[in-house]
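Chain naming here is simple, since letters A, B, ... match the order of the sequence lines and numbering starts at 1 in each.
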There are 2 protein chains.
Amino acid sequence: MTDTAPRPTLEAVAERAGVSRATVSRVVNGAHGVRDALADRVRRAVEELGYVPNQAARSLVTRRHDAVAVVAAEPETRVFADPYFAQQLRGISKELTAHDNQLVLLLTEGREDHARVGRYLAGGHVDGALVFSLHLDDPLPGLVRGAGVPTVFGGRPGWDDGRDDVVYVDSDNRGGARAAVRHLTGLGRTRIAHITGPLDQTSAADRLAGFRDVRADADAGLVARGDFTSGGGERAMRELLDRYPDLDAVFAANDLTAAGALRVLRERGRRVPDDVAVVGFDDMLPVAEETDPPLTTVRQDIEGMGRLMARLLLRGLDRDTAPEPTTGVSAGAPSGVILPTTLVRRASA
Amino acid sequence: MTDTAPRPTLEAVAERAGVSRATVSRVVNGAHGVRDALADRVRRAVEELGYVPNQAARSLVTRRHDAVAVVAAEPETRVFADPYFAQQLRGISKELTAHDNQLVLLLTEGREDHARVGRYLAGGHVDGALVFSLHLDDPLPGLVRGAGVPTVFGGRPGWDDGRDDVVYVDSDNRGGARAAVRHLTGLGRTRIAHITGPLDQTSAADRLAGFRDVRADADAGLVARGDFTSGGGERAMRELLDRYPDLDAVFAANDLTAAGALRVLRERGRRVPDDVAVVGFDDMLPVAEETDPPLTTVRQDIEGMGRLMARLLLRGLDRDTAPEPTTGVSAGAPSGVILPTTLVRRASA
DNA sequence: CGCGGCACAGAGAGCGCTCTCGGCGCGGAA
DNA sequence: TTCCGCGCCGAGAGCGCTCTCTGTGCCGCG
C-alpha cells in the first residue's frame, strides 16, 4: 500500500513523447531551443505520466539542492518566546517557497547537537543556512563559518568585530528602545527605570543601549537586570520599587518582563499608567493584549525579518551561480540590515 | 570564499586507504564483513580527509532520504496559538534527529500551496510526512493520501470514517474536558457554562463532547460559541452572562478564550473564582500564568505529541524496509493514539 | 548550385554512491 | 594432496539526471 508504482523517469517521458532524454530535460527546465511542437508533446507526456524530477539525481550533477537550512538553538527560542520564532519561520518559509526552495529545520540543544549541525552543513546537503544566534558566546556561528556554507544570521551576532563579510538581519532594538523611552519622557515622566533582558544577548544589550542613549544621566540603580521572563520582571520590579519608591515609569526589555512588572505594580498599589507608566518590547501578541492594562510596546516586523533573511541568502546564492564581473564583493554589500520598529500605543503608557 | 575545496569522494577515501570503494562503503555504513585492520585504515582515511557521504548520490540508489516532511496549514497554526506548534515541532525534531532524519518544513497558506505540497510529497523527496490537520474539510489529508507517502497525522482528522489505516496522534481532548468540568462540579458549582472553539476543528468538537459527557442535562443556552481567541471569549462570556446572570462556572475551550472571559467577568464585577470559577484548556504558557487570576487549565503534552508522531512514522518506515512476515498489518495496529491530559490547578478554579 | 552558418535534437559520459556477483585465499575434510 | 566451503574484498553496473559535444536539416548567401 505504501509502495506506489515506480515513478516515471525522464527516459519514460522521452520515450512516450518520442524524443530524447536531453530534449525532455530541456523542456522540464528552462526550455530554450526546443520547437513549440516538440515541447508541447513533451509537456503532454509529462502530464500523462505524472512525471516529477528526481531531485537526488538532479542535485547529484548540479550540486544544487534548492534547500536551505534554518538553524536555531532550541532552549533559547523557548525562553525568547515561541511565537517569535514561529513568525520568523513563517516569513522564511514564504520567501523560500516563492523561490522553490525547501526549508530544512535544524533545532539544536547541546554540544553534541552542534557537532551534528556542523557535519550536516559541511556535508553539502543544503545550499545555504539561516542561523539564529542570540548569545555572545554562541558556538554556532563559528561552526557555520567553518562549514563554508553561505549564511545569513538572524539577530546581530555578538562577535560583530571588524569582519564585514557576515550578513545579518536584525530589528532596530536600539532605536526602538529610544522611541519607547522618549515616549515616556514625552509623557512627562522623569524617574524612568529599565528592566533589562539577559545581557549576553545582543537584543537585550542593544535595548539597554537605547535606554542609555536617551537617559544618559540616569542613576545606575534605575537599571535592573531581568531575563526576558515574567518572573524576572517581577523580581526586578520589586528591587526597583524598593530603591526608588517614587519612580514613575518603567521600560521593560520585553513584554513578558513588562507583564511581570505590571503584576508587582498592582500588588504594591501603584496604578498603571497613572502612577507608573509601563512600556514593553516585542508586541508579543497573546501577551501584550491580555495584560491589565494592555501594554504599550515596541513592535518589530518579525515575519519581515524572516523573509528578508531568506531573500538575502537566496540573492547571495544567485550571485554565486552567476558571478558579476565586478571585483570582489559588490561595493558596500549590506553586511547588516536593520529593520525599523514601531511604537504601539495601548493603555499602559 | 563560498566555494570550498571539492569535497572528498568515496573514491578518494578508498585510494588513501588502499582499498576499493566497496570496502569504504561497507565501513561507512553498517561495517560487516570487513577485517578490523582494514576497517581502521578506512576510518582513519575518512577522518583525515573529512569525508562526508553525498546524500544525493546515496539516495539516488537507495531510494531513501532519511528526511520527513512536516506539513502544517499556516493560518491555522497562527490562530491555534503559535507556541503550540513550536512545541510540537521541537518534539518532532528531537525524535527525528535521534534517528538521523532531517525535518523538511512545509507551511501552506492557500489552494496553490496545497498543490505544491502535493507535488512535493508525490515527488518522493521525503520518506514520510507528518501532517497537521485541524479542520474537518481540510484538503491536505486527501492530498497526502493521494501522494502515497507514509503519513502520521497530528490531531484527529475530521474524516475518521471507518478506514482504520490512518494513523494519528491526539491528546485526550474529550477526557481533559471531562476532567475540567468534573473539577468544577467537585467545587460545588451547578450552573456551568462552556465556551466552545470553532467547531469545525476536531479538538473543539471533542472538548464540547467532553463537556456534554458530564453535563448532559445542561441547557443548550449554557454553551456559547467561541473561536479560540480572547475576543471570541469576551463575546461569548457577555452572551452567557446576559442569558444566565447566575452562572457560577465557565469551562473555556482554550486559555485564550478563558483570558477573554476573565476580562469580561472582571468588567461585570464578578469575582474569580469566588463568584465564577474558570477553567481553560492547553496550559498555553505565557498566557495561563499571566492572567489574573492565574488560570486553572488542562495541560496536554504537546512536545510528547510531536515526538510520538515522529516515532510512529519512523517505526512505520522501518517496517517497510524490513517487513515482518505476519500477514498484512500487524494485529491491532494503533491507528489513533491518544495522549493523556492533566488538570493544572491554579487560582481561577 | 554549393557552402557556411544556425537552430535544434540526440548520444553519451559522468555525478557519487550502493550492491550484487565473482574471485581469491585459507582452513578443514576427504 | 585435492577439493569444497567460507569469509573477505574488488570489479562493475547502474540509480536518474544534466550538459557537452556532435550530428542533422534547413536557410541564406555567394
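With sequence neighbours left out, the side-chain contact (heavy atoms from CB on, under 4.5 Å) criterion links A:V144 to A:L121, A:V131, A:T151. By the side-chain contact (heavy atoms from CB on, under 4.5 Å) test, B:R307 pairs with B:K94, B:E95, B:E303, B:R311, sequence neighbours left out. Considering only residues two or more places apart in sequence or on other chains, A:D127 meets the side chain to side chain donor-acceptor pair (under 3.5 Å) condition with A:H65. The side chain to side chain donor-acceptor pair (under 3.5 Å) test applied to B:S20 returns B:T23, not counting sequence neighbours. Remark: A:R119 pairs with A:A115, A:R116 by the side-chain contact (heavy atoms from CB on, under 4.5 Å) rule, at least two apart or across chains. Considering only residues two or more places apart in sequence or on other chains, B:V52 meets the side-chain contact (heavy atoms from CB on, under 4.5 Å) condition with B:R7.
Taking the six-membered ring for Trp and the full ring otherwise, A:F153 and A:F132 have centroids separated by 6.0 Å or more.
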Look for any protein N or O under 3.5 Å of an N or O in nucleotides 25-27 of chain D and output each such pair with its distance, or none.
none

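Overall, the helix from C:dC1-D:dG30 to C:dA30-D:dT1 carries an axis bend of 60° between its ends, with five pairs at each end and the value rounded to 10°.
For residues 44-61 of chain B, the salt bridge (Lys or Arg N to Asp or Glu O under 4.0 Å) pairs, not counting sequence neighbours, are B:R16-B:E48. Residue pairs meeting the ring-ring contact (aromatic ring centres under 6.0 Å, His included) criterion with at least one partner in residues 100-122 of chain B, sequence neighbours excluded, are B:Y120-B:H125.
Residues A:Y51 and A:V28 are in side-chain contact: their nearest non-hydrogen atoms beyond the backbone lie under 4.5 Å apart. B:L106 places none of its side-chain heavy atoms less than 4.5 Å from the side chain of B:V70. Proximity of B:N54 to B:T9: side-chain heavy atoms (C-beta onward) are nowhere separated by under 4.5 Å.
Taking every heavy atom of residues 50-63 of chain B and every atom of DNA chain D, pairs under 4.0 Å involve B:L60, B:V61, B:R63, by number.
Computed from coordinates, the A:R64 CZ to D:dC19 C1' distance equals 15 Å when rounded to whole Å. Summarising the geometry, the separation between CD on B:E15 and P on D:dG10 is reported as 13 Å, rounded to the nearest angstrom.
The only member of A:D66, A:L314, A:V68, A:L313 that meets side chain to side chain contact (heavy atoms under 4.5 Å, CB included) when paired with A:H99 is A:L314.
Read 5' to 3', the first and last nucleotides of DNA chain C with an atom closer than 4.0 Å to a heavy atom of chain A are C:dC8 to C:dG16.
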